[in-house]
Visitor: 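Just passing along the structure, written as structure tokens.
Chain A is the first sequence line, chain B the second, and so forth, proteins listed ahead of strands; every chain is numbered from 1. Note: hydrogens, waters and symmetry copies are ignored here, and every other heavy atom, side chains too, is used.
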Amino acid sequence: MPDLPAPGAPSPILSIRDLRVAFQGARGAWNEVVHGLSLTVAAGETVALVGESGSGKSVTSLALMRLLDPATSRITGQVTLDGAEVLSLSEAEMVARVRGRIAAMIFQEPMTSLHPIYTVGDQLIEALTCHRPMPRAEAHRAAVALMERVRIPDAARRLDDYPHAFSGGMRQRVMIAMALASRPKLLIADEPTTALDVTVQGEILSLLKELQEEYGMAMLFITHDMGVVAEMADRTVVMLRGDVVEEGPTAQVFHAPRAPYTRALLASVPALGSMRGEPVPLRFPAIDAASGAATPGLPLARQPDLSAPLLEVRDLVTRFDVRGGLLRRKVARVHAVENVSFAIHPAETLALVGESGCGKSTTGRSIIRLAGGTSTGSVRLDATELFTLPPGRLRLQRREIQMIPQDPLASLNPRMTIGEALVEPFLEHRMGSAAEARAKATRLMEQVGLSPAMLERFPHEFSGGQRQRLCIARALMLDPRVIIADESVSALDVSVKAQVVNLLLDIQERTGIAFLFISHDIAVVERISHRIAVMYQGEIVEIGPRAAVMETPQHPYTRRLIEAVAVPDPARRHLRRTQPPSELMNPIRPLDFVPPERRYREAGPGHFVRED
Amino acid sequence: MPPPAGPWRRALQGLASSRTAVLSGLGLVLIVLATVLAPVYAKHVAQTDPFRSGLSAKIMIDGKRSPVMERSTEGLGLGVTPIGPTWGAKYFLGADSQGRDVAARLLYGGQNSLIIAGAATLLCLVCAAVIGIVAGYAGGRVDTVLSNLIDMIWAFPVYLLAISLSIVMLGKTFEIGPIHISSSSLVVPIIIIGLVYVPYVARPVRGRVIAITNSDFVLAARGLGIRPSRILWRHILPNVATTLIVFAPMLMALNIVTESSLSFLSVGVQAPNASWGTILQDGQALLYSRPVVSMAPGIAIMVTVMLLNLFGDVLRDILDPKSVRGR
Amino acid sequence: MLAVILSRLARMVVVMFGISVITFLIFFATPGADPAARIAGRNAAPETVAAVRHDFGLDRPIWVQYGVMMRKMFVTGDLTSFVNRGQKIVPTLTAAAPVTLSLVAGAAVLWMALGAATGIIAAAFKDRLPDKILMGVSMMAVAMPVFWVGEMVNLVTQSRLHDTWAFSWVPPLGYVPLSESPVRWFLALVFPWITLSFLYIGLYGRMLRTGIIETYQEDYIRTARAKGLTARRVLLKHATRAAIIPVVIMFGMDFGVLVGGAAVLTEVVFGLNGVGRLTYQALKVLDLPMIMAAVLYASFFVVLANAVVDLLCILIDPRLRRK
Amino acid sequence: QDAHRGGTLRLVSVSSQGTLDPHVNYTSQFWQLYAFLYDGLVGFKKVGGPESKEVVADLAAALPEVSNDGKTYTFTLRKGVKFSNGKEMTTDDVVASFQRIFKVLGPTAGTFYNGIVGADQCLAAPADCTLAGGIVADKAAGTVTINLVAPDPEFLFKLSAPHASILPAETTAKDNGNAPIPGTGAYMVKSYDPNNAMVIVRNPAFTEWSKDAQPEGHVDEIDYTFGGTEEAAVNAILNGQADWMFDQPPADRLAELSTAAPDQIHLAPLSAWWYAPMNVNLAPFNDVRVRQALNYAIDRDALVSLFGGPALAQPVCQVLPPEFPGHVDQCQYTLDPGESWSAPDMDKAKQLVEESGTKGEKVTIVTEDNAASRGIGTYLQSVLSDLGYEAAVQTISGDIQFTYIQNTNNKVQLSISQWYADYPAASNFLNVLFGCDSFHPGSDASINIAGFCDKGIDDRMKAAIALGATDPAAADAEWAKIDGAVMEASPALPLFTPKQVDLLSTRVGNYAFSNQYHWLIANAWVQ
Ligand SMILES: Nc1ncnc2c1ncn2[C@@H]1O[C@H](COP(=O)(O)OP(=O)(O)OP(=O)(O)O)[C@@H](O)[C@H]1O
Ligand SMILES: Nc1ncnc2c1ncn2[C@@H]1O[C@H](COP(=O)(O)OP(=O)(O)OP(=O)(O)O)[C@@H](O)[C@H]1O
Ligand SMILES: [Mg+2]
Ligand SMILES: [Mg+2]
């Protein structure tokens, strides 16, 4: 049971009692997704609501604000927001009293949460004036002040920009500014940093913390990232499938978790630095969901064969033309990948890390010549130069080097069953008969931990983690020698993430496959890779053995990247520094731009750092 | 574990669970059935031949034999007015200017209208799919050429094509292999109507193909070393199919209206054959004396089109809630 | 900007050239279209027919005829009709344009206003009675052939109920120039406007409703609501503005073809001598010069409308704006 | 002063009819206007009734002296007649006008005026037309002499046609299109926009010289509006918004009109013929039995129904219309052959078809896209089916249909057409429609649509024309026989003779109907 505030404690800003939310599904059946949730948030307090995807976190937050469609949803229970009985208010009263006044909200998707066809200033001013009518000039001034407050550089000028001209982090700042406009007493933040880069995530979190203090707001912080919880929350509420399973002060929840689920959750969290001293990649511990008992993960048994590189990339450059105007003429170029060189050996995993948009995926795609744009350089697989192969030969060569795409759902044809999708490449490469293909598909399904019966299903009938495994299985159908795994685990829940990482390591151990593991999640990278390459704005700034890069990072960017990672340990809160906001922009360069010459210095054996 | 439902099955289930879809579907089936049963109605109920002029026919009403074409006797005695609705088995909706049973013709006409509109819809979808897919997939110059072609069709007066074609075809029979196409054949209006809305469909199809061609799963297929022809056939085409299917009912509705417009301009189904359009046109000549002759097909078109639209709306919601807007 | 205009012009020229060639070829492949015989008149002597053929250059190679026709249309501007001898095509077309423009522009105002109202109200009352009524009516509007509606309107306003108080003000069919009498211009166009716009009110209303409802799924609407905006403001300012873009695209295309002559049925039924009716009549008598001019005129507007729509979209949707 | 003088007459029509040039335009709609816009040397008498077939002197002071065995016509011009531009008419204008007929490639140049001496050269080289020896003017005496190659009993009729209007000599020798040419009539065209309206006002230079030839009109202005539909025109007239419609009121409205507005309707017989030419050179109609069978089979009473009933059309089974020169009531194709039609003879028809052995053949009927023509086509289709043919109807736009069915290349078997007399002479029907001279295979201009060319009958027609010059009565008798002979061969289905329906507003008075010009607009008044 959640403990209620002791008598005499300040009356809570938010108190939820026995909240139940149900949605109307097909044929009018009601499907309850939040089952009797109760929680309170006191003034000035930060409460984290954690839980895996689909556990009902967002639904709860939307229910508080009565933002669910009344036609298809049903909310019961009691929600009191600063004395207002939310569930019994009319829509008009909600508008007049609650939304934006008592409570404001920030959402997960900064990219889509701003209206694309109004300027940022318009939207900010609207938020300011809708509760407190004021002259336009004053509102304008207030808006600039707010933008400055959330540390958007050059605020006055950027007020007239449209959201699409802002990066994700900047947009999230605007969202925060909007939420602060009417000085709410409660800020509900629904995964405000999930879609952002680690570095930006850190900035936003510290900004939130800072503002919370300054404004004396309470905060209901929703996330699935235990690291973030540890950073932010005074108290933590853990949700599982619509129920609260544990509730308590954050430190207590982390150090002495009571519910088995909480324990399992914490065990699966990849913690940065936990690999210190481990020589080889290590599997995640296996967790028993019922008891929460963990069996420690096994290290990878197979060693890379360093005698000769399997894949050798040299001076890879990929640029995209930016076309503009109605005429669609070239106006600039995106230097997505710039002079990237590295090698991967059999049974080795090279991780490519870096913030969003730095060119990781493009590097991966360029290697198999699927990037579009113009690529130059050299990619050799064994002795075959891929960049000069004619299309027909290249098509056959692709068997050897497979890519697991970033977004598994999008990369599966929605109209093909999984069986068809798996069998198709096998048959295309004439690797055997249909029956053999079928047999192999069945085998692989079992290997990736799925039931062969699922071969008849369509992609949408799988969960995210399952889809990721399907893509792995599909790639394995061709017995490739190299797999480029593009953010294969980033979008997954912690527990699923652990499973997939373990799966990849199993495969490597069994087949000696080499991985190019693309990720921005350094904690995972630390576990899985032999070597790490850090990318920044299309270039590799540091590359070397895992331990060297992680423990003695040389390049400032690498350091920043590692520092920014939230550590799932409330005792080690370290975010509360004021960092200058760095706006990530696409590496767009004018047409006549000449990239500077780069030199690398060797910081240790096989550890190279770009000289700036 | 429940058996997995494919998207088609799900679509069917969705349709079955929507009251609107079931009712409108039922209505459409009824209309089709009624038109299919036209010969039965004509022979056994109305007992007339709706394709023979009945200018001198007589009919028993209230035990009195009266001519179907009533000659005016009052005033100057000008004009001949066909018999109005009798609300009986014979001449239920009255006669047209040739003394034929309007109700029977309405049913027969429905056959032709539905066949024309249906076949034209099919033709249009096929053409649009080919143009859209080729333009979207090939891109570059091919795309430019086809996009211009689309613009041309869009700006071209259909009626020029219609009038010319109907004259060129006049009295001739073209034989292309086993297919005979004569001027009175329905093929002429089908071709014309089929082409009119090609741009309407080809444009969104092209857009969709471009989107799909750049989608991750096509990229993935290429990464797996799948042949381009197979990618087109297995990956792109099926995904365009929804767009096409969503268009179908709406297009069918538009085509019924277009067919009637073509007949209104007397390019379409040729006498004595009927379609709702030609009956509407006949009725236009009787608008002031026997409005029912033009009301009947007008209402038939309206009801059918409404049912198609209702059905199409549901289909759209089920197949692709975010695609085609409006039309 | 100049380059943009030039590329649009190039596209326009390509489309217009293609269309004119097709039209030309179709004409000469059509039996019974021989202009010489028809110009010469009924029962003309063969000598006369031959002389006419020579006089009109119809005995010259077909591409020469095409060239001559294009020159007469665009350079000298003295192209004359094959059927109404001496009727200059270009001035006739320009004289008909204001009629069509009056019809289409007025109807467009009506359908945009009522279509928007329909869509917004229906979306606001989604699945409730007003929505059902409005959608029912607009479904009917979409389902009724326009000429049929026109005929019925005429039957009622011109004949059956003309002598009642309700419709006694209805002027006879036909167009009155705005310059002649704004009041009579307006009265003469009231029913044509209503008839023409009926279909589009239905179409646009439905389209806008769907658009608004879809937009309500977007994250930014949730943001707007969370800010504490009133439901009306969210609907009008946030949802409608975003949902109106496809409507504008549609509007551009429809307006283009209608001004180009696609309002023919309305014009015919209401006896308005606009471009559509002109085209229609030229088609009925296969008057090549007139058809040619009308077709080129229409394609001009179609391509123009495409261009204008592109521009409009950029104005409405800043995402499409790139420096 | 005339109490009825003044006011504006508002006429409406669905469409205009092209060029204003009286030497070129060949439509009854505009000929009706030329009646009071232009004059020839002679003209039809502008009165209602049978007298309207008479030719009277117009710009000529008197009917011409005919000499030289009917080959020379001498006219003395009236003095003081002015064109609407104020210029006085002289013999120069007459000579120039006759040359101009050829120079502008007038439609009848080769059929009406080819008998003038020098016409051959003019037809061959229109631009250099002089008609030397054909038209001789004596300016001082004010006379013009026309020499013909051969006597032509119909020449005065031809001179009365608007194509022989006298125009100012300086008028350009090409089709003047929509630009009005000054005329000598009581009115002149002030403005003309074929897509919109024509405004006709009084000719300021006009003074009445002969009430019969060119009466001074009553109204001051005539506004002729083009556009709209027939229904709309009827409504406008009933609502008092227009005075007259050129087009026939739709059949649909007739019953209503004949009870609601009987006083506003005027019926007049026309010298016209609705018929269905059968192509005698194409199967199955190359067999005379089939043509006859169809003639027996059709129910002309039903056809009359289609046209609006007996008050509006009269069933016929011969070529020449009633009350036309040469007409004698005769009907071969009826139940009891005799003078008039009674009922179809289906048995005979079926028997003939049986004999011909053509049963089951395909027949396509090409009709115009108006209600009447399409209705007849549909009816004929029904009859042909009864006779055992596989018949189909094809409707095409009127203007194209007329040339389409003429061309033998198009292989039209059966079509629906009409013929309106240019002038009251039997040859204008029989010779034009069934003479060998009007059959031009492969041309769009071949008015002998049936392709009927019987040498014997053709010779008889030529002889009858010649006879007309000396003995009109005997010629008429001969024409009656030729009519019978043509019908014997049955190249066409006579359908009916239509009546003209003029629907006028209540304020129009003094309705007069001329066979030639139809309603005499200038004779009517509105106040
Ligand atoms: N509008 C809706 N209609 C029906 N079901 C819904 C709706 N919104 C959410 N759900 C269901 O409610 C459950 C909880 O969803 P919710 O979005 O709250 O999860 P979450 O905990 O926020 O997950 P995530 O971390 O992925 O955001 C899910 O099973 C989801 O499918
Ligand atoms: N097809 C393309 N056309 C133009 N620009 C592109 C294209 N693909 C990628 N880019 C640009 O290239 C840069 C690198 O993109 P890439 O997808 O490789 O980044 P990433 O490191 O994978 O980022 P993320 O972590 O978000 O996946 C970005 O700025 C992106 O906008
Ligand atoms: Mg969520
Ligand atoms: Mg990426």
Visitor: Can you say whether C/V257 sits under 4.5 Å from chain B via the side chain, the backbone, both, or neither, judging by heavy atoms?
Guide: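 The side chain, not the backbone.
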Visitor: Using the rule given for side-chain contact (heavy atoms from CB on, under 4.5 Å), can you reason through B/V305 versus C/M140, listing the C-alpha separation, both sets of side-chain angles and the distance that settles it, and then say yes or no?
Guide: CA-CA 8 Å; B/V305 169; C/M140 262 170 60; over 6 Å; no
Visitor: Surrounding CZ of C/F28 (heavy atoms of other residues, nucleotides or ligands, distance under 6.0 Å), is the total greater than 12?
Guide: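 Yes, CZ of C/F28 has more than 12 neighbouring heavy atoms, counting only those of other groups under 6.0 Å.
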Visitor: Looking at B/L287, B/I301, B/V303, which has the largest count of heavy-atom pairs under 4.5 Å with chain C?
Guide: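 Counting heavy-atom pairs under 4.5 Å, the top option is B/L287.
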Visitor: When rounded to the nearest 0.5 angstrom, what distance separates CD1 in B/I153 from CD1 in C/I22?
Guide: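 Reported value, rounded in 0.5 Å steps: 8.0 Å.
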Visitor: Check residues 286-294 of chain C and write down every donor-acceptor pair under 3.5 Å in which the side-chain atom is one partner and the other belongs to a residue at least two apart or another chain.
Guide:
from	atom 1	to	atom 2	distance (Å)
C/D287	OD1	C/S81	OG	3.4
C/D287	OD1	C/F82	N	2.9
C/D287	OD2	C/S81	OG	2.6

Visitor: Quick one: which of C/V149, C/I213, C/T23 has the most heavy-atom pairs under 4.5 Å with chain B, could you say?
Guide: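 Between C/V149, C/I213, C/T23, the count favours C/T23.
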Visitor: Below 4.5 Å from any heavy atom of chain C, which atoms of B/T258 appear? Answer side chain, backbone, both or neither.
Guide: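 Neither; nothing under 4.5 Å.
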Visitor: Is it the backbone or the side chain of B/L149 that comes under 4.5 Å from a heavy atom of chain C, or both, or neither?
Guide: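 Neither part, no heavy atoms under 4.5 Å.
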Visitor: Check C/N154 against B/Y288 and note the closest heavy-atom contact, atom names and distance.
Guide: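 Looks like O-OH, 4.0 Å.
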Visitor: Do you know which two heavy atoms are closest between B/S294 and C/M152, and how far apart they sit?
Guide: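 Heavy-atom minimum between the residues: OG-CE, 3.2 Å.
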Visitor: For a 4.5 angstrom cut-off between non-hydrogen side-chain atoms, does B/M295 reach C/W148?
Guide: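 Answer yes - side chains close enough.
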